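Here is the structure we will look at.
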Amino acid sequence: AQKVTQAQTEISVVEKEDVTLDCVYETRDTTYYLFWYKQPPSGELVFLIRRNSFDEQNEISGRYSWNFQKSTSSFNFTITASQVVDSAVYFCALSPGEANSKLTFGKGITLSVRP
Amino acid sequence: GAGVSQSPSNKVTEKGKDVELRCDPISGHTALYWYRQSLGQGLEFLIYFQGNSAPDKSGLPSDRFSAERTGGSVSTLTIQRTQQEDSAVYLCASSLATSGAPLDTQYFGPGTRLTVL
C-alpha cells in the first residue's frame with residue numbers, strides 16, 4: 001500500500017521568509033512518481049512538479065526548489081522569499097510507476113503568507 | 001488549449017436524490033480520473049478510465065457510485081440516492097498516458113462542489 005504523510009498541517013510565515021513543506025512517503029514499488037500540487041483559494045489543483053524514483057537530482061524553478069531523498073523517503077518543497085500569492089494548500093502525491101497511475105495524496109499543508 | 005472542465009460548478013441536492021457530474025478532459029488525453037475531496041478524508045481516488053480498457057473502480061465508496069466515459073472523452077459520475085456524507089468536492093483529472101507508455105502528469109479541473117441537504 002502507498003502512503004503519503006504531510007505532518008505539517010498549517011504554516012504561517014511573513015512575506016519574504018523561506019519556508020519548507022515536508023513530505024514523507026511509503027511504497028513497496030521500486031518505480032514510482034512523486035508530485036506536488038498547489039490548491040489556491042480558487043480551488044483548482046495546479047501541477048507544480050513530477051519526479052520519478054530514479055532521478056534524485058534536486059530541482060529548482062524560480063523561487064521553488066525540491067529535495068528528493070530516497071534514503072529518507074522524503075520529497076520536500078522549499079519556497080524561497082515567499083510571497084502573499086504563495087498562500088494556498090500544497091499537496092504531495094505518490095503514484096506507482098505503471099499504466100494505472102492513480103494518485104495517493106497527503107492531507108495537504110495550508111500555507112499562509114502574511115504581508 | 002482548454003483545460004479540464006467540469007459541470008456544474010456547484011450542486012445542491014436533497015438526500016435521496018440522484019446526481020450527475022460531468023467532466024470534459026483535455027482534448028487528446030486518453031486517461032481520465034475522478035477524485036473526491038472532503039474535509040474528513042482529504043483527496044481520495046474514485047475511478048480511473050484508460051482508453052478502451054476496463055475502468056479501475058477500486059476507489060468507489062459504495063455501489064451508489066458509478067461512472068461512465070462515452071466515446072473515450074466526456075465522463076459522467078453518477079451518485080444515486082445521495083447521502084449527506086457524499087457532500088464533497090468532486091475533482092476530475094486527465095492525462096496523456098497510454099497503456100505501456102511512461103506515466104504522464106494529471107491535470108485537474110476546477111471541481112464540482114456537491115452539497116447534500
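Fair warning: this is a prediction, and the values are worked out from it, not measured in the lab. Proteins get letters first, then strands, A, B, ... in listed order; numbering begins at 1 in each.
No more than 12 heavy atoms of other residues, nucleotides or ligands shown are found within 6.0 angstrom of NZ on Lys16(A).
Rounded to the nearest 0.5 angstrom, Lys102(A) NZ and Glu44(B) CD are separated by 12.0 Å.
Cluster annotation: Tyr64(A) is connected to Val13(A) through the hydrophobic network of ILVMFWY side chains, with a link wherever side-chain heavy atoms come within less than 4.5 Å. Hydrophobic clustering, with ILVMFWY side chains joined whenever heavy atoms are under 4.5 angstrom apart, keeps Leu91(B) apart from Leu46(B). One hydrophobic cluster, built from ILVMFWY side chains closer than 4.5 Å, cannot hold both Phe91(A) and Leu111(A); they sit in different ones. Under the 4.5 Å side-chain heavy-atom criterion for Ile, Leu, Val, Met, Phe, Trp and Tyr, Leu94(A) and Leu48(A) are members of the same hydrophobic cluster. A continuous path of Ile, Leu, Val, Met, Phe, Trp and Tyr side chains, each step under 4.5 Å between heavy atoms, connects Tyr33(B) with Ile26(B), placing both in one hydrophobic cluster.
In terms of heavy-atom proximity, Gly42(B) sits nearest to Lys107(A) at N-NZ, 4.3 Å.
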field: Residue pair Phe47(A), Phe108(B): steps toward the ring-ring contact (aromatic ring centres under 6.0 Å, His included) verdict
entry: CA-CA 8 Å; Phe47(A) 165 75; Phe108(B) 284 78; 9.9 Å; no
message: Please determine whether side chain to side chain contact (heavy atoms under 4.5 Å, CB included) holds for the pair Tyr37(A) and Thr105(B), giving the CA-CA distance in whole Å, both sets of side-chain angles, and the decisive distance to 0.1 Å.
response: CA-CA 11 Å; Tyr37(A) 284 86; Thr105(B) 298; 4.0 Å; yes
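Neither the backbone nor the side chain of Ile47(B) comes within contact range of chain A; no heavy atoms are under 4.5 Å apart. The contact between Gln37(B) and chain A is made entirely by side chain atoms (from C-beta outward), counting heavy-atom distances below 4.5 Å.
The side-chain heavy atoms of Leu45(A) and Leu43(B), taken from C-beta on, include a pair separated by under 4.5 Å.
For Phe105(A) and Phe45(B), the ring centers are positioned 6.0 Å apart or more.
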